[in-house]
Amino acid sequence: MSQYPDSPLCSRLGASVPIFGFSHSLDVVVAISRAGGIGVWGATRNTPAEIESGLARLATETAGAPFAVDLVLPKDMPARQDRSAIEEAIPTEHRAFVDGLRRKYQVPDDGLPGVRSRFVRSEEMATDQLHAVLDSEVPLVAMGVGTPPAAVTAAKERGKRIISLVGAPKHAQRAIDAGADILVAQGYDAGAHTGEIGTFSLVPQIVELAGEIPVIAAGGVATGRHILAAFALGAQAVWMGTAWLFTTEHQIDPIIAAKLVRAGSGDTVRSRADSGKTLRQIKSAWTEEWSAAAAPTPLGMPYQDILVGDLLGSVERNRIEPLMKSEAGQSVGYFSGQTTVPELMADLATQTSTATGALRNRLGHND
Ligand SMILES: Cc1cc2nc3c(=O)[nH]c(=O)nc-3n(C[C@H](O)[C@H](O)[C@H](O)COP(=O)(O)O)c2cc1C
């Protein structure tokens, strides 16, 4: 018997474990799918060619198990890949602030881009990324910020199922209207781009609104108790991101790994300083500097990406300790050391089973 409550969604998708695992690491994604869950590859910062080869690798290495890809397709991005047009629109005050950080923390100007600035987020790039996804064998396509109807229609025509991440009922309604097949109710607690409503408040609202459309709970899920609670709130699975940062498959820089291990649930903060949209991450000198009274207000996406992208890339390459950081959710406080994906999946199964037994006892079901 499975340690998990019944999930018609996961049975339909061919997964034995109702855990969707989001990661930017292909190794993590493969390991999650091979352990019975559904690995979700975050590919928003990958070029179309990288997406093509990454998805081909996933199709082979997941060996028939389900897997997904996640793109971030926000509205109102510039039409074309034109970095100089973005640069020209960046105010002098913002440039001076970032130059000041570079000097203060002695970050070398090595002339190379970082993850956020290796290309400009644009309609042109989004279209090319989407084509790479549509031409691949990936069965599930997740949309992280926004659910553009044209992208949904194109993906569904190619036989893909659409998963939409939503942080508020109005986003859920838009995703349903656009044709999403599955909703992820992602609460304030979550790592990375996240909205204003906490997971506990959000999930039942989205479940009510979604009707027959299955809902997955995200944000703050770290233990079997959370998984059981997610089912009690009406979800058919959980979606986890922060947890996998603690797995050896992820291969994170040891400086960042140590910061993650030290962080408690109160040590994360939402900041617009990385992408222009609220991004939950562990507190660092970076988030402190940008929240200081003298700091400029971060720009919108994709201007902020380009303003800070090269600097953050150099921070990582040159291991400038105070500014090194990671996206992480409040669930970070539950993890205190490194593990492997199969070990974590096994722990979550045991914990869920224990939590279920404890709850049955409390409810007076002793059979
Ligand atoms: C390091 C990291 C990077 C993330 N990047 C993305 C992303 O590119 N696209 C996306 O849809 N969600 C992204 N997320 C959010 C996850 O999809 C997920 O909703 C979230 O991690 C769930 O909450 P948790 O962090 O408490 O597990 C990211 C999360 C983390 C921790």
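Counting starts at 1 for both ligands and their atoms, in listed order.
For the 3.5 Å distance criterion, the side chains of Arg121 and Thr44 qualify, holding a donor opposite an acceptor. A donor-acceptor contact under 3.5 angstrom links the side chains of Asp82 and Ser84, judged on distance only. Residues His193 and Thr278 have side chains that never bring a donor and an acceptor to within less than 3.5 angstrom of each other.
Contacts with ligand 1 closer than 4.0 Å are made by no heavy atom of Val184, backbone or side chain. Of all the heavy atoms of Thr194, none lies under 4.0 Å from any atom of ligand 1, so neither backbone nor side chain is involved. Within the 4.0 Å heavy-atom criterion, the part of Gln186 lying near ligand 1 is the side chain and not the backbone.
Below 4.0 Å from some heavy atom of Gly219 lie the following atoms of ligand 1, by number and element: 22 (C), 23 (O), 26 (O). Close approach to Gly144 involves these atoms of ligand 1, each under 4.0 Å from a residue heavy atom: 11 (O). Contact atoms of ligand 1 toward Leu165: 11 (O), 17 (O), 19 (O) (distance under 4.0 Å to a heavy atom of the residue). Listed by atom number, the atoms of ligand 1 under 4.0 Å from Val72 heavy atoms are 9 (N). Every atom of ligand 1 with a heavy atom of Met240 under 4.0 Å away is listed here by number and element: 27 (O).
Looking at Asp189 and Thr268, their side chains never come closer than 4.5 Å, going by heavy atoms from C-beta outward. In this structure, Leu202 and Tyr188 have side chains that are not in contact, with every pair of non-hydrogen atoms separated by 4.5 Å or more.
With hydrogens left out, the protein atom closest to atom 2 (C) of ligand 1 is Glu327 CB, 3.7 Å, a heavy atom. Looking only at heavy atoms of the protein, atom 3 (C) of ligand 1 is closest to His24 NE2, 3.6 Å. Protein heavy atom in closest approach to atom 4 (C) of ligand 1: Phe22 CE2, 3.3 Å. Nearest non-hydrogen protein atom to atom 28 (C) of ligand 1 is Ala192 CB, 3.3 Å.
In the hydrophobic clustering of ILVMFWY residues, with side-chain heavy atoms under 4.5 Å counting as a link, Leu26 and Ile51 come out together.
Closest of all the heavy-atom pairs between Gln304 and Ala273 is NE2-O, 2.9 Å. Across all non-hydrogen atoms, the minimal contact from Phe67 to Ser33 is CB-OG, 3.7 Å.
If you check each of Thr242, Leu260, Val332 against atom 24 (P) of ligand 1, the one with the closest non-hydrogen atom is Thr242. Closest to atom 18 (C) of ligand 1 by heavy atom, among Trp41, Phe20, Trp239, is Trp239.
A distance-only check finds a donor-acceptor pair linking the side chain of Thr127 to the backbone of Glu123 [under 3.5 Å].
Aromatic ring centroids of Trp41 and Phe22 lie 6.0 Å or more apart. Ring centers of His226 and Tyr334: under 6.0 Å apart, within the cut-off.
Using a 4.0 angstrom heavy-atom cutoff, Gly191 counts as in contact with ligand 1.
Taking only nitrogen or oxygen atoms, main chain and side chain alike, Ala190 does not reach within less than 3.5 Å of ligand 1. Distances between N or O atoms of Asp189 and those of ligand 1 include no value under 3.5 Å. For ligand 1, the polar-atom distance check against Gly241 finds a nitrogen or oxygen pair separated by under 3.5 Å. For ligand 1, the polar-atom distance check finds no N/O of Thr44 at less than 3.5 Å from any of the ligand's N/O atoms. On a distance-only criterion, Asp70 and ligand 1 share at least one N/O pair closer than 3.5 Å. In terms of polar-atom proximity, defined here as any N/O pair under 3.5 Å, Gly220 does make such a contact with ligand 1.
With respect to Arg118 and Glu50, a salt bridge is recorded, a charged nitrogen being found less than 4.0 Å from a carboxylate O.
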